[in-house]
4 protein chains.
Amino acid sequence: MARPKSPEKRNAILAAAIQLIAEQGLSVSTSKIAKVAGVSEGSLFTYFETKEALLNELYLELKSEVRANMLDTYPAQASLEARARYIWDMYVRFGIAHPDKYKVITQLSVSDSIQEQTRRLSMEGYEALHAIVQELFAYGALKDQPYAFGTALLLSLMNMTIEFIAHHPSEADRFWDAGFTAFWNAVTGP
Amino acid sequence: MARPKSPEKRNAILAAAIQLIAEQGLSVSTSKIAKVAGVSEGSLFTYFETKEALLNELYLELKSEVRANMLDTYPAQASLEARARYIWDMYVRFGIAHPDKYKVITQLSVSDSIQEQTRRLSMEGYEALHAIVQELFAYGALKDQPYAFGTALLLSLMNMTIEFIAHHPSEADRFWDAGFTAFWNAVTGP
Amino acid sequence: MARPKSPEKRNAILAAAIQLIAEQGLSVSTSKIAKVAGVSEGSLFTYFETKEALLNELYLELKSEVRANMLDTYPAQASLEARARYIWDMYVRFGIAHPDKYKVITQLSVSDSIQEQTRRLSMEGYEALHAIVQELFAYGALKDQPYAFGTALLLSLMNMTIEFIAHHPSEADRFWDAGFTAFWNAVTGP
Amino acid sequence: MARPKSPEKRNAILAAAIQLIAEQGLSVSTSKIAKVAGVSEGSLFTYFETKEALLNELYLELKSEVRANMLDTYPAQASLEARARYIWDMYVRFGIAHPDKYKVITQLSVSDSIQEQTRRLSMEGYEALHAIVQELFAYGALKDQPYAFGTALLLSLMNMTIEFIAHHPSEADRFWDAGFTAFWNAVTGP
DNA sequence: GATGAATGAGCGTTCATTCAT
DNA sequence: AATGAATGAACGCTCATTCAT
């Protein structure tokens with residue numbers, strides 16, 4: 001019966017947090033975030049109990065956005081390589097298209113503010129990805145490693161590729177391909 | 001500005017910074033660093049003009065330590081694979097043997113506090129590494145890429161490997177090998 | 001301003017205030033009080049214009065409860081000592097039976113939030129008590145003092161006794177008696 | 001070798017705290033205290049680690065001042081009544097001469113901010129007082145009560161007397177005497 | 001050179017109260 | 001009447017840096 005919480009305000013806060021964290025790091029103050037979001041300092045805390053809660057929710061939102069992007073048109077019937085390439089393309093595209101969000105995800109990934117529970121939640125929905133890595137690992141050079149190793153390998157190469165492209169945007173395509181080739185060889189070769 | 005009187009104090013400050021940054025992140029206060037180092041708050045600023053200067057000098061020291069470690073017994077005459085493996089072993093070994101220093105390097109690498117100038121300086125002395133990567137790139141899958149791409153690839157896989165081992169220490173050897181295999185395949189395959 | 005619709009809500013707010021002030025002091029937030037009372041933050045302010053008003057009304061309610069308790073079965077015909085003892089017993093019993101309410105009364109008594117007007121109102125209805133003190137003061141050691149002095153004396157000894165018993169509950173009876181004896185001697189002796 | 005901590009500043013902070021707590025209660029902000037003391041907000045915390053520490057130290061200072069006052073010229077050889085009256089006079093005089101300090105002591109006495117340890121420390125040095133009460137309790141109406149009861153009784157009557165005088169200053173002497181008479185009768189009579 | 005007291009802006013968070021719903 | 005979102009000043013405390021000693 002009272003004024004309902006406004007999703008617009010919540011989104012404005014999250015958007016402001018993305019922008020400012022990308023610019024200034026995780027230590028941006030809640031008051032700056034509130035100001036950029038156009039809400040009062042107090043309001044920020046009616047939408048997020050603490051700064052830490054804000055960061056955790058932000059992490060989940062971003063992860064979920066990446067996932068939605070990725071699985072929407074997932075070519076479940078395609079060849080293994082095509083599916084792997086699909087994952088690669090979606091993730092790298094996201095990193096390049098949304099550099100602020102990408103920066104924030106990577107900063108949050110290594111932050112102490114993200115709780116174990118949040119990390120666990122953030123992995124849900126990536127079963128397709130895990131399945132691909134497992135298939136890839138069935139044969140090939142890394143067949144004796146746990147597939148978590150493959151996931152880490154994939155992630156680290158995608159991130160490297162995104163960052164490389166960010167620094168050399170004029171030749172994005174070629175590094176995009178080269179990164180995938182490196183991954184594919186790493187996992188399937190020799 | 002003049003060379004400070006006591007290198008011991010300078011080193012104590014750097015050592016304290018390493019320990020505390022590894023534990024608590026880059027936001028540790030200078031006063032905590034001074035206390036752990038056993039010097040006064042004021043003295044810290046006679047050895048390092050600002051906190052940012054301290055972080056930049058720390059970054060250079062650590063990078064330089066890694067490099068010294070690496071090039072000391074570099075097997076210049078060995079095979080390409082043996083030299084590549086040597087680099088791999090030295091870097092990964094360092095990351096595992098000195099987890100605090102490794103954590104600090106990775107935190108500083110992505111920090112806004114490190115100036116471009118510092119980053120440039122920190123790359124000096126890695127010519128041997130660059131040469132290896134260039135040789136590796138002469139043939140193989142990535143022969144059309146700039147060797148900086150190869151360096152980034154190598155670094156990202158080494159870091160991934162170190163972190164994976166840090167989380168699964170009981171099977172260090174196997175991931176150590178697997179990481180190198182992945183790199184070798186990535187660059188030379190298929 | 002108009003008589004609020006639901007006396008139940010008003011009472012729930014007062015009860016919550018008693019509980020929380022006893023636990024956490026006068027600085028409890030109105031929002032905590034509202035939550036414990038099961039009403040909305042806004043509703044609290046339709047029942048009490050401000051927090052200060054809430055505290056003042058609470059003070060009057062509690063004082064009035066004490067008085068009701070006391071005068072209900074007042075033995076108007078008994079001896080002076082019996083009547084004095086009756087007052088003593090009722091007050092001390094109240095303090096021990098309702099420690100939360102007692103704590104709140106004493107906290108409010110010394111609080112800046114209670115207005116002079118409230119204090120004056122809170123004294124109404126204690127005529128019987130005043131009469132006893134006046135009788136007591138007719139003869140005895142304090143016969144030249146205003147009876148307000150006697151009232152203050154009585155109150156201070158009752159409070160002291162209640163607090164002493166609260167800290168040494170296993171010997172309540174003995175301190176209960178001793179307190180009254182002290183008062184009786186103080187006023188009638190030597 | 002650095003600038004030494006200045007006792008003047010510490011005292012200024014304590015004095016400001018006394019004045020402001022007497023006026024506004026224990027909830028005065030540290031920043032108001034700092035402002036009145038003429039030091040920066042930060043400096044307050046170099047003299048007192050937390051607000052709670054400030055309150056505890058203030059309590060000890062005030063208790064110690066009362067004690068010094070009391071025991072300085074203590075008439076150890078005088079009669080029991082003379083010694084009791086001496087204690088009475090010193091305490092009441094202090095309460096009347098220093099109403100701010102008196103208010104602060106009584107507020108702190110019942111505050112949650114004062115730690116058990118502080119309370120224990122604050123009782124040291126009052127052996128003479130305890131001895132008097134014990135002597136008084138050897139005979140008389142309260143001879144079966146623990147002397148802590150007598151101490152509480154004495155304290156409560158002194159406080160009542162001080163407060164009564166504060167509200168009726170023109171007849172201070174008479175209430176001063178009457179209070180002591182009440183106490184003496186309470187303990188020795190009938 | 002060494003020390004640590006001094007500073008005041010800034011931090012994350014809470015609060016009593018208002019007012020749109 | 002009831003709700004709870006909105007507000008921004010205020011809170012206790014920390015910080016990097018300066019400077020008197």
Side-chain angles (χ1 to χ4, degrees), chain A residues 1-6 8-10 27-35 38-55 113, chain B residues 2-6 9 27-35 38-55, chain C residues 2-6 9-10 27-35 38-55, chain D residues 1-6 9-10 27-35 38-55 113:
Chain A
M1 227 193 251
R3 191 184 323 195
K5 245 181 251 191
S6 131
E8 288 81 13
K9 271 183 190 161
R10 185 172 188 277
S27 59
V28 252
S29 69
T30 48
S31 94
K32 277 182 190 163
I33 294 172
K35 183 167 296 168
V39 304
S40 71
E41 293 189 46
S43 282
L44 185 147
F45 290 94
T46 96
Y47 286 88
F48 303 94
E49 264 189 22
T50 61
K51 187 185 185 186
E52 197 182 337
L54 164 58
L55 295 180
S113 304
Chain B
R3 176 63 45 101
K5 276 291 167 56
S6 153
K9 280 190 183 165
S27 60
V28 253
S29 68
T30 49
S31 93
K32 277 182 190 161
I33 294 172
K35 182 169 293 168
V39 306
S40 70
E41 293 185 51
S43 280
L44 186 148
F45 288 93
T46 92
Y47 287 89
F48 303 94
E49 255 184 37
T50 62
K51 188 186 185 184
E52 198 183 337
L54 163 58
L55 295 179
Chain C
R3 177 64 44 105
K5 278 289 164 57
S6 154
K9 280 191 184 165
R10 184 172 186 279
S27 60
V28 252
S29 68
T30 49
S31 94
K32 276 182 191 161
I33 294 173
K35 181 168 292 167
V39 306
S40 69
E41 293 184 50
S43 281
L44 186 147
F45 289 92
T46 94
Y47 287 88
F48 303 94
E49 255 184 36
T50 61
K51 188 185 184 184
E52 199 183 335
L54 163 59
L55 295 179
Chain D
M1 230 194 249
R3 191 185 323 196
K5 245 181 250 191
S6 129
K9 272 185 189 158
R10 184 172 187 278
S27 59
V28 251
S29 69
T30 48
S31 93
K32 277 182 190 162
I33 295 173
K35 184 167 294 169
V39 305
S40 70
E41 293 191 46
S43 281
L44 185 147
F45 291 95
T46 96
Y47 286 88
F48 303 95
E49 264 190 22
T50 61
K51 187 186 184 185
E52 196 182 336
L54 164 58
L55 295 179
S113 305

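Letters A, B, ... mirror the listed sequences (proteins, then strands); counts begin at 1.
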Asks: Closer than 3.5 angstrom, by distance alone: can the side chain of D:Lys51 be matched with the main-chain N or O of D:Ser29 as a donor-acceptor pair?
Replies: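 Checking the backbone N and O of D:Ser29 against the side chain of D:Lys51, no donor-acceptor pair under 3.5 Å is found.
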Asks: Can you tell which of F:dT17, F:dC11, F:dA6 lies closest to the side chain of A:Thr46?
Replies: F:dA6
Asks: Just compare F:dA20, E:dC11, F:dC13 and give me whichever is closest to any side-chain atom of D:Thr50.
Replies: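 Of all the options, the side chain of D:Thr50 is nearest to F:dC13.
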Asks: My validator wants the stems of DNA chain E: runs of 3 or more consecutive Watson-Crick or G-U pairs, both distances under 3.5 Å, written as range with range.
Replies: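 Stems for DNA chain E, defined as runs of 3 or more consecutive pairs: E:2-21 with F:2-21.
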Asks: Rounded to the nearest Å, what distance is computed from the CD atom of residue C:Glu52 to the P atom of nucleotide E:dA16?
Replies: 13 Å
Asks: Calculate the interatomic distance between D:Lys5 atom NZ and E:dA5 atom P; express it in whole Å.
Replies: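 Atom-to-atom, D:Lys5 to E:dA5, this comes out as 5 Å.
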Asks: Kindly say if B:Tyr47 contacts the phosphate of E:dA2, meaning a side-chain N or O under 4.0 Å from OP1 or OP2.
Replies: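 It does, given that an N or O in the side chain of B:Tyr47 lies less than 4.0 Å from OP1 or OP2 of E:dA2.
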Asks: In whole angstrom, give the distance that lies between atom CG of C:Leu54 and atom P of E:dC15.
Replies: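 Rounding to the nearest Å, CG of C:Leu54 and P of E:dC15 are 15 Å apart.
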Asks: Rounded to whole Å, how long is the line connecting atom CZ of A:Phe48 with atom P of E:dT14?
Replies: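 The answer, rounded to whole Å, is 16 Å.
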Asks: Mind checking if C:Lys9 touches a base, just sugar-phosphate, or nothing, with heavy atoms under 4.0 Å?
Replies: sugar-phosphate
Asks: Let me know, please, whether A:Lys51 or C:Glu41 comes out on the 5' side of the other along DNA chain E by nearest nucleotide.
Replies: A:Lys51
Asks: I want to verify a distance call: between E:dT21, F:dT21, F:dG8, whose nearest atom is closest to the D:Pro4 side chain?
Replies: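 Per side-chain heavy atoms of D:Pro4, the pick is F:dT21.
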Asks: Rounded to the nearest angstrom, tell me the gap between atom NZ in C:Lys35 and atom P in F:dT3.
Replies: 14 Å
Asks: Select one nucleotide: of E:dA2, E:dT21, E:dG12, the one nearest the side-chain heavy atoms of B:Ser40.
Replies: E:dA2
Asks: Could you say whether B:Gly42 or A:Ser27 is positioned toward the 5' end of DNA chain E, judged by the nucleotide with the nearest heavy atom to each?
Replies: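 Between the two, 5'-proximity favours B:Gly42.
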Asks: Can you tell me how far C1' of F:dA6 sits from CZ of A:Arg10, to the nearest Å?
Replies: 18 Å
Asks: Just the rounded figure in Å: distance from P of F:dT7 to CG of A:Leu44.
Replies: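 After rounding, the gap between these two atoms is 11 Å.
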Asks: Could you check how far NZ of C:Lys32 sits from C1' of E:dT13, rounded to whole Å?
Replies: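 The answer, rounded to whole Å, is 12 Å.
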Asks: To check you understand the geometry: which heavy-atom pair defines the closest contact between D:Leu44 and D:Thr30, and what is its length?
Replies: CD1-O, 3.5 Å
Asks: When you measure from the side chain of C:Tyr47 to the backbone of C:Leu54, do you find a donor-acceptor pair of N or O atoms at a distance under 3.5 Å?
Replies: no
Asks: Between D:Ser43 and E:dT7, is there a contact of a side-chain N or O with OP1 or OP2 at under 4.0 Å?
Replies: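 Affirmative; the distance criterion is met.
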Asks: If I compare all heavy atoms of B:Ser40 with all of B:Ala34, which pair ends up nearest, and what's the gap?
Replies: O-CB, 3.7 Å
Asks: Within the 4.0 Å heavy-atom criterion, would you say A:Ser29 contacts the bases, only the backbone, or no part of the nucleic acid?
Replies: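 Sugar-phosphate: the residue A:Ser29, judged by heavy atoms under 4.0 Å, touches backbone atoms but no base.
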Asks: Roughly how far apart are D:Ser43 OG and D:Lys5 NZ, rounded to 0.5 Å?
Replies: 10.5 Å
